[in-house]
Amino acid sequence: MIRDAFNNNSLSHPPIWFMRQAGRYLPEYLKVREHAGSFLDLCYNPEFATIVTMQPIDKFDFDAAILFSDILVVPDALGMQVSFVKGEGPKLVPLTGLKDIEALNLTDFHQQIDKVYQAVASIRKALPNDKDLIGFCGAPWTLLTYMLGGVGSVDQKIARLFSYNEPELMDRLLDLLSNVLADYLFMQAKNGAQVLKIFDSWAGNLADDEFDRLVVQPTHYLVKKLKAKLKAEGLDEVKILAFPRGAGEKYPYYAKNVDIDGLAFDTSVGLEWIRDHIDADICLQGNLDPLLLVAGGERLDTRVNHICDVMAGRKFIFNLGHGIIPETPQAHVHQVIQTIRNR
Ligand code: CP3
């Protein structure tokens, strides 16, 4: 159970799961993916989503499963046109102004996304009791980089400019998404998710003031609303984990100002630094380089042990610093898990 790590800083070894642990490095994933139709068809098929979520659990015995879905099902369910182009990544017909924002369909949102809730319930049923189920969403800012930009980009130029040029529309969008996402995560918890992760993959390129306005404040509001809803429903054992990827020296500010139970950090972050700059109550999660997992060898063992050594005595979940990549040899995944469990 990865929830043990949120409550205990003296486990004999940290629990383990990997971002994108279900995915293209597994031939059995590719097979189901082929049968499902498009990538979104797979996300909206509770039976297939359950099968691919369970594949890495059955194969590697990870300590947690993560719902198979994508952060972009949210704009899709809000009525935007979303597609995944092979080899290119996601493409959306972007929002350009007030008219497009007013056309977002909030009324039917839960109905449109109900298959995801069904997938959560079905996965929870399939999972053994000692494995936690992680639900997730994209943070408002990261979703807006796609909703305004139409594609992923290295500098998030379109969304960052929109924020400067159209501050009122930006506030309106942040507010809309914070509310929708709080409800969305709450519904995942209601259907069986025990940890809820907020992915802010594009938090890393912002000036201080924009980081506060676009990343910290909306997520603070989202988590506050979510926690109140969870409490009212007796679901306050559910843990909130956040990943403002690339936040660098701003991670501590984020952790102080968003009421999270866990903080995931990327590969570029110094281990001793993050250990010493984040409140000990907050569980840390990270940060093996996905490329070292591809390379393997003795250096992989050394690094895995080093991460565990630095985090000993600390609430800690072992993970990668970003998603597992398609060329990862499965033997290296086994190797990491064995190294950690043999400690
Ligand atoms: O196993 C898991 O981690 C759960 C499933 C999951 C996916 N996407 C499946 C997926 C999760 C948690 C995500 C989150 C996600 N999606 C993020 C945040 C995390 C991060 O990576 O920074 C973002 C930014 C997205 C948007 C997205 N989806 C992109 C940019 C891409 C294309 C890049 C790529 O890796 O192909 C996707 C597609 C995607 N999402 C795939 C998977 C398994 C590959 C699609 C395929 O099978 O064809």
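Excluded from the calculations below are hydrogen atoms, water molecules and symmetry mates; all remaining heavy atoms, backbone and side chain alike, are included. All values derive from a computational prediction rather than experimental measurement.
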Could you pull out all donor-acceptor pairs under 3.5 Å where a side-chain atom in residues 192-199 meets a protein atom, sequence neighbours excluded?
| unit_1 | atom_1 | unit_2 | atom_2 | d |
| --- | --- | --- | --- | --- |
| Gln194 | OE1 | Arg124 | NH1 | 2.8 |
| Gln194 | OE1 | Leu133 | N | 2.8 |

Sorted by chain and residue number, the ring pair (Phe, Tyr, Trp, His ring centres under 6.0 Å) partners of Tyr29 (sequence neighbours excluded) come out as Phe68
By ring pair (Phe, Tyr, Trp, His ring centres under 6.0 Å), which residues pair with His277, not counting sequence neighbours?
-> Trp273
Sequence neighbours excluded, the answer for salt bridge (Lys or Arg N to Asp or Glu O under 4.0 Å) partners of Lys91 is Glu88
Solution key, residues 69-85 side-chain donor-acceptor pairs under 3.5 Å, sequence neighbours excluded:
| unit_1 | atom_1 | unit_2 | atom_2 | d |
| --- | --- | --- | --- | --- |
| Asp70 | OD2 | Leu72 | N | 3.0 |
| Asp76 | OD2 | Tyr44 | OH | 2.7 |

Please tabulate, for the side chains in residues 230-241, all donor-acceptor contacts under 3.5 angstrom to protein atoms that are two or more places apart in sequence or on a different chain.
| unit_1 | atom_1 | unit_2 | atom_2 | d |
| --- | --- | --- | --- | --- |
| Lys239 | NZ | Asn7 | OD1 | 3.4 |

Is the side chain of Glu47 donor-acceptor paired with the backbone N or O of Ser122 at a distance under 3.5 Å, no angle test?
-> no
Residues two or more places apart in sequence or in another chain: which of them pass salt bridge (Lys or Arg N to Asp or Glu O under 4.0 Å) with Arg172?
-> Glu102
Here the salt bridge (charged side-chain N to carboxylate O under 4.0 Å, His left out) pairs for residues 8-37, sequence neighbours left out, are Glu28-Lys59
In the hydrophobic cluster built from side-chain contacts under 4.5 Å, what are the other members alongside Val294?
-> Leu291, Ile325
Between Asp276 and Arg314, is there a salt bridge with N-O shorter than 4.0 Å?
-> no
With distance as the sole test, does Thr142 use its side chain to make a donor-acceptor pair with the main-chain N or O of Trp202 at under 3.5 Å?
-> yes
Residues forming a ring pair (Phe, Tyr, Trp, His ring centres under 6.0 Å) with His13, sequence neighbours excluded | none
With sequence neighbours excluded, residues passing salt bridge (Lys or Arg N to Asp or Glu O under 4.0 Å) with Asp266 = none
Who are the salt bridge (Lys or Arg N to Asp or Glu O under 4.0 Å) partners of Lys250, not counting sequence neighbours?
-> none
